[in-house]
Amino acid sequence: MARVVWPLLRDQPRVEIVLSFAAGQDVVRHLLADTGAGTARAGFELILAESDCLKAGGRPAQSVSLSGAYVGSFAVYVLHVRIPNLGFAQPVRSVGVPGVPPGFSGLAAFRFLNRFTYGNFGDPGQFGLEV
């Protein structure tokens, strides 16, 4: 099994993903791991800055209504997301929002986290994913 762990960021769990921007550059984004964002059947897996969705070549597929930390209707983009150390490279449905939590580039919602085994793996100063 492959596992990747990251130190907490601002004492909160994070996940690092890689997006490929249209300009040909790979960009690492730090996402707040939020099991309270969405459900296992939500129409999205990530919540990202809309500008990142557009730079990564995303085209709005549909919209979704959110009612938690973000309220309203937002576009959903299908983006190619990678976590290289896990061998993860798949299209992921991502909501584009105008602002993200301070210090983070967005949220990894429960539907995304639920693809993996996740947690601190015995170290309270870290958070990680395992396949």
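Linking ILVMFWY side-chain heavy atoms closer than 4.5 Å, directly or via other members, places Ile83 and Val78 in two distinct hydrophobic clusters. Hydrophobic clustering, with ILVMFWY side chains joined whenever heavy atoms are under 4.5 angstrom apart, keeps Tyr70 apart from Leu54. By the criterion of side-chain heavy atoms lying less than 4.5 angstrom apart, applied directly or through intervening Ile, Leu, Val, Met, Phe, Trp or Tyr residues, Ile47 is not grouped with Leu19; the two fall into different hydrophobic clusters. Taking hydrophobic clusters as Ile, Leu, Val, Met, Phe, Trp and Tyr residues chained together by side-chain heavy-atom distances below 4.5 Å, Phe127 does not share a cluster with Leu9.
Think of Phe121 as one node in a network of Ile, Leu, Val, Met, Phe, Trp and Tyr side chains linked at under 4.5 Å; its network also takes in Val5.
Within the model, atoms CG of Leu46 and CG of Leu107 stand 9.0 Å from one another, a figure rounded to the nearest 0.5 Å. To the nearest 0.5 Å, atom CG of residue Asn114 and atom OG1 of residue Thr35 are 10.0 Å apart. Rounding to the nearest 0.5 Å places CD1 of Ile17 at 8.0 Å from OG of Ser105.
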Please determine whether side chain to side chain contact (heavy atoms under 4.5 Å, CB included) holds for the pair Val71 and Leu66, giving the CA-CA distance in whole Å, both sets of side-chain angles, and the decisive distance to 0.1 Å.
CA-CA 5 Å; Val71 177; Leu66 302 179; over 6 Å; no
I would like to know whether Phe110 and Asp34 meet side chain to side chain contact (heavy atoms under 4.5 Å, CB included); could you show each step before the answer?
CA-CA 6 Å; Phe110 180 65; Asp34 187 353; over 6 Å; no
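Sequence neighbours left out, the pairs with a member in residues 121-131 that pass side chain to side chain donor-acceptor pair (under 3.5 Å) are Arg3-Glu130. Residues in residues 71-108 take part in these ring-ring contact (aromatic ring centres under 6.0 Å, His included) pairs, two or more places apart or across chains: Phe88-Phe112, Phe88-Phe116.
Taking the side-chain contact (heavy atoms from CB on, under 4.5 Å) definition, one finds that Ala42 meets it with Thr39, Phe44, sequence neighbours left out.
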Hey, can you pull the donor-acceptor pairs under 3.5 Å for the side chains in residues 25-33, sequence neighbours left out?
{"unit_1": "Asp26", "atom_1": "OD1", "unit_2": "Ser20", "atom_2": "OG", "d": "2.8"}
{"unit_1": "Asp26", "atom_1": "OD1", "unit_2": "Arg82", "atom_2": "NH2", "d": "3.1"}
{"unit_1": "Asp26", "atom_1": "OD2", "unit_2": "Arg82", "atom_2": "NH2", "d": "2.7"}
{"unit_1": "Arg29", "atom_1": "NE", "unit_2": "Asp52", "atom_2": "OD2", "d": "2.6"}
{"unit_1": "Arg29", "atom_1": "NH2", "unit_2": "Asp52", "atom_2": "OD1", "d": "3.1"}
{"unit_1": "His30", "atom_1": "ND1", "unit_2": "Arg14", "atom_2": "NH1", "d": "2.7"}
{"unit_1": "His30", "atom_1": "ND1", "unit_2": "Glu16", "atom_2": "OE2", "d": "3.4"}

Enumerate, atom names and distances included, each donor-acceptor pair closer than 3.5 Å involving a side-chain atom of residues 89-103, sequence neighbours excluded.
{"unit_1": "Gln90", "atom_1": "OE1", "unit_2": "Arg115", "atom_2": "NH1", "d": "2.6"}
{"unit_1": "Arg93", "atom_1": "NE", "unit_2": "Gly43", "atom_2": "O", "d": "3.0"}
{"unit_1": "Arg93", "atom_1": "NH2", "unit_2": "Gly43", "atom_2": "O", "d": "3.3"}
{"unit_1": "Arg93", "atom_1": "NH2", "unit_2": "Gln62", "atom_2": "OE1", "d": "3.1"}
{"unit_1": "Ser94", "atom_1": "OG", "unit_2": "Val92", "atom_2": "O", "d": "3.3"}

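Counting heavy atoms from C-beta on, the side chains of Val18 and Pro84 come closer than 4.5 Å.
The two residues Leu48 and Cys53 have their closest heavy-atom pair at CB-SG, 4.0 Å. Contact record, Tyr118 with Leu113: CD2-O, 3.3 Å, taken as the closest heavy-atom pair.
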